[in-house]
There are 2 protein chains.
Amino acid sequence: MIVVGKKAKEDLKVLILNSAKKLFVEKGIEQTTIRNISDAIGCSIGTVYVYFKDKNAIFHALHTQGFIQLSSEFKVLLHVSNPMERLRAMGKVYINFALKNRDMYDLMFNLKSPMEFLNDEKLQEWNEGKATFDVLRSTVNECLAAGYFAGHQLEPTAFMIWSMVHGMCSLEITNRSVGVNIQNPENIVTAAYEEFMKIMDKL
Amino acid sequence: MIVVGKKAKEDLKVLILNSAKKLFVEKGIEQTTIRNISDAIGCSIGTVYVYFKDKNAIFHALHTQGFIQLSSEFKVLLHVSNPMERLRAMGKVYINFALKNRDMYDLMFNLKSPMEFLNDEKLQEWNEGKATFDVLRSTVNECLAAGYFAGHQLEPTAFMIWSMVHGMCSLEITNRSVGVNIQNPENIVTAAYEEFMKIMDKL
DNA sequence: TTGCAAAAATGAACATTGTTCATTTAATTT
DNA sequence: AAATTAAATGAACAATGTTCATTTTTGCAA
């Protein structure tokens, strides 16, 4: 093979990412050090910097991986033809992803670290977020076309729905939902989403 | 004065907090160092540790200050007798606070740092958050008593409303609302909240 | 006023972190 | 086999949070 060198390079890059992801999910972003990562895969500190500009670049790559996973979990929604049903199902998929991948969700939607590339590289856009929001927007648009959400505007309504679901997940993940009294505290997100679906029924 | 010693001690504690707050708002939590804080008020590094256990304790104190401010801004709501109107106004006050004190809001509702005291000190509770949620809960409760939100449950509904408003502010503050297309991008939060109020009208 | 004990303040020193870069090692080509 | 290119290395650096033995200041009794 001629490109053994490049193949090895890609392999090591993947190894670094996998190692970083594992440590990150175990111990959080702050407690994951470059030395941890390099130790885990048996290479030197410097090698990590051959493949990634800095620590932030590693976590930006992980954040992108998260969006690939979320978008793949959205694929089941293609089988739901009714837009309103699809919208409901989308919320469930989203919530399920968030609560089963808490730190990854935090990285994707809360932490500032992976967004700093917006400042660094000239006006680069948050394509991952845009693509995900597009899925929601087009579904809401179909709902409007089907007569739901009468009197509501597309963009603000879609953003409102996203905010609602994101807010629940975010409060839960960042441990801010502790003051809410409910029989099964672990289900507060599900319970709140069901209230929201009741409301959507009326629109 | 007999308590000069203690008075001085309290003064310095306040100085540290004010200095920390100023630097924190200017440069963010990560970029605010203990040395920055001590330099700004002309004391030594060690002195800061006389008044605060660690950096986290400083930011937990700031986070508490934020809740005091928010709760004071809630006071105007006492003049609104109709619970539904009060609920709407509460959202506006909340959004206004969040967008005018972005880093403080982040500290209060997004960052993990100030919440770590929940692990440290035995089962201490997040009283600041609870008290704020209480204001919302009792307002929603009054709405229910007045016949609004028919068929909805108190706690999940209140949590849902909080999530909705928090989600908007959070996405905006953490720069995740960039993919939303709208004429005045800076008003996406206001526009989305107006859609939400339209929905509340129907309940 | 002086002496002394308690309180407050200090900053050198340490451990840990992200990051750099001159050097070494390995791989590929000539 | 030599030369050239690519990859990997880890010592060294700067910055940070934190500690603690020491110094300075304060409050008060003799």
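So that the names make sense, note that chain A is the first sequence line, chain B the second, and so on, each numbered from 1.
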How close or far is atom [atom2] of [N] from atom [atom1] of [X], stated in whole angstroms?
X: B:Y51; N: D:dT18; atom1: OH; atom2: P; result: 18 Å
X: A:I16; N: D:dA8; atom1: CD1; atom2: C1'; result: 11 Å
X: B:N36; N: D:dA15; atom1: CG; atom2: P; result: 12 Å
X: B:I58; N: D:dT16; atom1: CD1; atom2: P; result: 14 Å
X: B:Y49; N: C:dC14; atom1: OH; atom2: P; result: 17 Å
X: A:I37; N: C:dT17; atom1: CD1; atom2: P; result: 12 Å
X: A:K55; N: D:dA14; atom1: NZ; atom2: P; result: 21 Å
X: A:N56; N: C:dG18; atom1: CG; atom2: P; result: 12 Å

Residue whose nearest DNA chain C nucleotide is more 5′ - A:E30 or B:C43: B:C43
First encountered from the 5' end of DNA chain C, between B:T47 and A:I34: B:T47
[X] with [Y]: basic N within carboxylate O range, under 4.0 Å:
X: B:E30; Y: A:K112; answer: no
X: A:E195; Y: A:K198; answer: yes
X: A:D134; Y: A:R137; answer: yes

Sugar-phosphate only, base, or nothing, as touched by B:T33 at under 4.0 Å among non-hydrogen atoms: sugar-phosphate
Sugar-phosphate only, base, or nothing, as touched by B:S38 at under 4.0 Å among non-hydrogen atoms: nothing
A:S44 side chain near D:dA8 phosphate (N/O to OP1/OP2, under 4.0 Å): no
Closest non-hydrogen atom pair between B:A192 and A:P156, with its separation: CB-O, 3.8 Å
